[in-house]
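For the numbers below, each heavy atom of this structure counts, side chains included, while hydrogens, waters and symmetry mates do not. Protein chains get the first letters and strands the later ones, always in sequence-line order, with residue 1 at the start of each. Note that the structure is predicted; figures quoted are calculated from it, not measured.
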2 protein chains.
Amino acid sequence: MSNIRDKQIEEMADFFKALSNPNRLKMFLELVACCMPECVPAARGIETKTETEGCACVGDLGKGLDIVPSTISHHLKELRRVGLIKIQRKGQKIECRINPEALELLQGYFA
Amino acid sequence: MSNIRDKQIEEMADFFKALSNPNRLKMFLELVACCMPECVPAARGIETKTETEGCACVGDLGKGLDIVPSTISHHLKELRRVGLIKIQRKGQKIECRINPEALELLQGYFA
DNA sequence: ACTATATTTCGATATATGTCGAACATTCGA
DNA sequence: TCGAATGTTCGACATATATCGAAATATAGT
């Protein structure tokens with residue numbers, strides 16, 4: 001059992017699960033908006049272009065979400081686990097970026 | 001609180017949650033494949049065109065899923081709850097169809 | 001009326017999820 | 001070296017989810 005199709009289904013199901021929480025979805029959209037402004041779906045409209053182009057740090061992504069830092073961290077870990085985003089330490093801050101390949105899969109799935 | 005944007009986010013999060021279970025995703029894809037063959041994403045390849053065009057009954061959607069009827073029913077109820085599908089009794093069987101508007105939202109979201 | 005088919009509802013159960021707060025880790029600057 | 005800033009990890013807890021099996025419901029055919 002578990003052929004290629006099943007693997008793909010599970011990968012997409014994982015993507016959808018990661019985006020199934022409103023707070024996580026907001027963080028992801030925020031990241032899409034600042035990483036790839038050309039894709040801007042239902043962008044948050046909060047801001048465009050952070051200092052370091054193409055990414056946002058953990059704290060930024062938590063802005064306006066009304067959840068504590070440990071929960072933010074937990075959600076980002078989940079987005080990373082399924083491969084929707086990548087992270088990279090930069091001094092005190094940790095930069096987050098969209099994984100372009102994952103976004104492409106998402107974009108192409110029902111299209 | 002809870003502006004329009006938040007409402008939209010929650011609607012999409014609900015869509016994603018409904019598609020976050022592999023079995024439910026398979027059922028949905030199966031339905032897309034037979035309701036709107038032109039959209040066929042990662043279609044199941046099991047069959048095309050059921051007798052009554054444009055829909056599949058509950059039993060059909062459960063084929064090959066290895067879960068009992070009550071669980072199938074539960075999953076379909078969830079897909080219906082969020083508005084991804086519509087149902088209609090037809091004799092003993094119950095026909096399921098994709099809700100085209102919901103599919104469009106999905107298709108347009110990251111595009 | 002009886003039976004078979006198709007599906008739903010209900011109750012149980014095990015596991016997953018979202019969230020918090022406290023404690024820890026890392027890096028930068030004074 | 002100390003302290004502030006930025007995140008993460010861990011443990012707890014309440015709620016949600018996926019699944020099953022048994023019982024109920026609806027429809028059709030004999």
key: Co-membership, hydrophobic cluster, residues B:Ile67 and B:Val58, 4.5 Å side-chain   = yes
ask   = Is the phosphate of D:dT19, meaning OP1 or OP2, less than 4.0 Å from a side-chain N or O of B:Asn23?
value = yes
ask   = Within a strict 4.5 Å, meaning less than it, do heavy atoms of the A:Ile94 and A:Gln88 side chains meet?
value = no
message = Taking only side-chain N and O atoms of B:Arg24, does any of them lie within less than 4.0 angstrom of OP1 or OP2 on D:dT17?
response = no
key: Side chain proximity check, B:Glu95 to B:Arg97, heavy atoms < 4.5 angstrom   = yes
key: Residue pair A:Val82 / A:Lys17, side-chain heavy-atom distance below 4.5 Å   = no
message = Can you measure A:Asn21 atom CG to C:dA16 atom P for me and round it to whole angstrom units?
response = 18 Å
ask   = Is A:Lys93 near enough to C:dC28 that one of its side-chain N or O atoms lies under 4.0 angstrom from OP1 or OP2?
value = no
key: DNA chain D contacts among residues 72-82 of chain B, heavy-atom distance under 4.0 Å   = B:His74, B:His75
query = What's the CD1-C1' distance between A:Ile67 and C:dG18, to the nearest Å?
reply = 9 Å
request  = Grab the CZ-C1' distance between B:Arg89 and C:dA6 for me, whole Å please.
outcome  = 7 Å
key: Candidates B:Ile98, B:Leu76, B:Asn99, B:Asp60 - the one meeting side chain to side chain contact (heavy atoms under 4.5 Å, CB included) with B:Leu31   = B:Ile98
remark   = Testing C:dT7, C:dT19, D:dG21 for proximity to the side chain of B:Val68, the answer is D:dG21
task = In whole angstrom, give the distance that lies between atom CG of B:Asp14 and atom C1' of D:dA16.
result = 13 Å
message = Whole angstroms only, please: what is the NZ-C1' distance between A:Lys63 and D:dG7?
response = 14 Å
task = Check the distance between D:dA26's C1' and B:Ile94's CD1 and give it to me in whole angstrom.
result = 9 Å
ask   = When the distance from NZ of B:Lys90 to P of D:dT27 is rounded to whole Å, what number comes out?
value = 14 Å
message = Does any part of the side chain of A:Leu19, heavy atoms only, come nearer than 4.5 Å to the side chain of B:Tyr109, both counted from C-beta?
response = no
task = Among C:dT7, D:dT9, C:dT9, find the nucleotide with the atom closest to the side chain of B:Val58.
result = C:dT7
request  = May I ask you to test the A:Leu106-A:Met12 pair for a side-chain heavy-atom distance under 4.5 Å?
outcome  = yes
key: Distance in angstrom units between B:Leu65 CG and D:dA18 P, rounded   = 13 Å
task = Name the residue closer to the 5' end of DNA chain D, choosing between A:Gln92 and A:Thr71 according to the nucleotide with the nearest heavy atom.
result = A:Gln92
